[in-house]
Amino acid sequence: MEATKTTVLCFCSVLFFLTDVSCELVHVRSLVHFGTEGRPLLLSVDARFALEEAEIQGTWSHTKLSGARTTLVSFNKESEIMNMMYLKHLHFRHPNASLLIVKLNKDDEGYYHLSLNIEFYNQTGLIIKEERTIYVTVDEPVSTPVIEKKPSYAVIEDKANVTWTCSVEKGTRVVFQWLRDNAALTPNKRYHFIQDNSTLLISPVRKEDKGTYRCAASNPVSQIRKSRGVELNVYYGPYNLEVNSGQGLRTGEVFTINPGELVYFECQADSNPPNSYVWISKSRNATQIITKGPRLEVLSYKLAQTEEYMCRAFNNVTKKQDEAQFTLVVASLGTGKEKYIHDGKSVSPLAVIAVCSSFIIGFMLLFLLRTICHPKRVLMSIYNRPFSAQKRSHLSGEQLTYSQWNIILLTCKHANTKA
């Protein structure tokens, strides 16, 4: 038996050297335990040797975070001696020396130290010492966090700060996290996290800070719990002021419209609350407010050839304004945008080609006719004929019938033959 034990110890030493795997006689399943206040916790120990082949003796002790150390229980294979202060609070479990804490409280936090002496019966006098230390935390589960915003009303960008606070009624070692529109927030030049992240200061507030805010809380014994959402309303703008129209032709800030056309212009800007709009007509001598509101209606027949306009947007809360100027030109768009547009319908390119082709063919026929029937010869031939025949030849082209055209062609042929 002694040879067998020696062989086992040698095998463990070789295994540890080759594979870096410890061949321990005592195994603790976890060196850190996150305990929940009011619930039990088992410090489990596994013996990796035959207990009937050895004598064991050991102790469990507890060291608080303050440094105070207390022996909890002393034991051997047959019996244990429990500290009288912990008789109802601890249970010692034979035969593997595990320790059960019946109901955790904050005083149970700290380091639990197991010291174990092992003497195998076949190796009398050889005592093997095994020691393990387990760290235990005790936490209260986290309740649903509550979020608060100061000030509680809407704020003006660049002029105000906002302070968010997150609190829990229950919970220890709480970790806080902030979210806007369900996206996690991180520190930056304007976002300041203080008091263990339970407070978020935004200084100053900007347009992009608007949204729904939540805080999330968790600890080692609780899953993440989120607060209700609270809206942050930010007054801002106007930004990106723009004048648009679905009519006429636009080139940069110049709008060209047809004479007599009725045109509508829309003025838009990003703003909270919505802007108030004023339309202004500009001239060399003065400016004149012509209407209010986001829409302008212009009758081109009442305008000069060129007019200058301006849309002014004003935010009554932020006291900021922006302006957009544009020029309106009254001119025919027949050579531009509407070159091939008539009554709202486009002229087919095939129709244009057909007209051009007809014109070319007609010109070629006239040229051919001139070549074959020289005018002087035709006239001479006609006037050499009897008077009645001449009279018939003087009919207009619109009155000539098919047979009369044949007579003219024959006359042309006869005249050419005589020539």
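Positions are given from 1, in the same order as the sequence printed here. The structure presented is a predicted model; accordingly, all values stated were derived computationally and were not measured.
Judged by distance alone, with hydrogens and angles left aside, the side-chain atoms of Arg190 form a donor-acceptor pair with the main-chain N or O of Pro204 at under 3.5 Å. Of the possible polar contacts, none joining the Thr327 side chain to the Val254 backbone as a donor-acceptor pair under 3.5 Å is found. Using a distance-only test at 3.5 Å, with no hydrogens or angles considered, a donor-acceptor pair links the side chain of Asn105 to the main chain of Asp107. Under the 3.5 Å distance criterion, the side-chain polar atoms of Lys64 are left unmatched by any main-chain donor or acceptor of Gly67. The backbone N or O of Ile224 lies less than 3.5 Å from no partner atom in the side chain of Ser218, so there is not a single donor-acceptor pair. In this structure a side-chain-to-backbone donor-acceptor pair under 3.5 Å is missing from Ser281 to Gln288. With Asn258 contributing its side chain and Glu261 its backbone, the two residues share no donor-acceptor pair below 3.5 Å. Remark: side-chain polar atoms of Ser198 are paired, donor with acceptor, to backbone N or O of Gln195 under 3.5 angstrom. Arg250 places a side-chain N or O within 3.5 Å of a backbone atom of Gly252 that can act as its donor or acceptor partner. Side-chain atoms of Glu53 never come within 3.5 Å of backbone atoms of Phe120 as a donor-acceptor pair (strictly under, hydrogens ignored).
Side-chain N/O atoms of Asp322 and Tyr239 include no donor and acceptor closer than 3.5 Å. Side-chain atoms of Ser276 and Lys292 form no donor-acceptor pair, as typed in the model, at a separation below 3.5 Å.
Residue pairs meeting the side chain to side chain donor-acceptor pair (under 3.5 Å) criterion with at least one member in residues 30-39, sequence neighbours excluded, do not occur.
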request  = Report the C-alpha distance between Ser98 and Asn96 in whole Å, list the side-chain angles of each, state the deciding distance to 0.1 Å, and finish with yes or no for side-chain hydrogen bond (donor to acceptor under 3.5 Å, both in side chains).
outcome  = CA-CA 6 Å; Ser98 295; Asn96 56 5; 3.3 Å; yes
message = Is there a salt bridge (Lys or Arg N to Asp or Glu O under 4.0 Å) between Glu157 and Lys320? Walk through the geometry before answering.
response = CA-CA 11 Å; Glu157 70 167 350; Lys320 294 181 180 180; 3.6 Å; yes
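Proximity of the aromatic rings of Phe326 and Phe265 is defined here by a centroid distance below 6.0 angstrom, and this criterion is met.
Taking the six-membered ring for Trp and thresholds of 30 and 60 degrees, Trp164 and Tyr213 have nearly parallel ring planes, at less than 30 degrees apart.
Rounding to the nearest 0.5 angstrom, the gap separating the CD1 atom in Ile134 from the CZ atom in Arg29 is 11.0 Å.
Listed here is the closest heavy atom pair of Lys77 and Ile56: CG-CG1, 3.3 Å. Closest approach of Tyr309 to Leu296, counting heavy atoms only: CD2-CD2, 4.2 Å.
Looking only at side-chain heavy atoms (C-beta outward), Thr163 and Thr199 come within less than 4.5 Å of each other. At a threshold of 4.5 Å between non-hydrogen side-chain atoms, the residues Phe75 and Trp60 count as touching. Side-chain contact check for Lys207 versus Asp270: some heavy-atom pair is nearer than 4.5 Å.
Open room surrounds CG on Asp196; 12 or fewer heavy atoms of other groups in view lie less than 6.0 Å from it.
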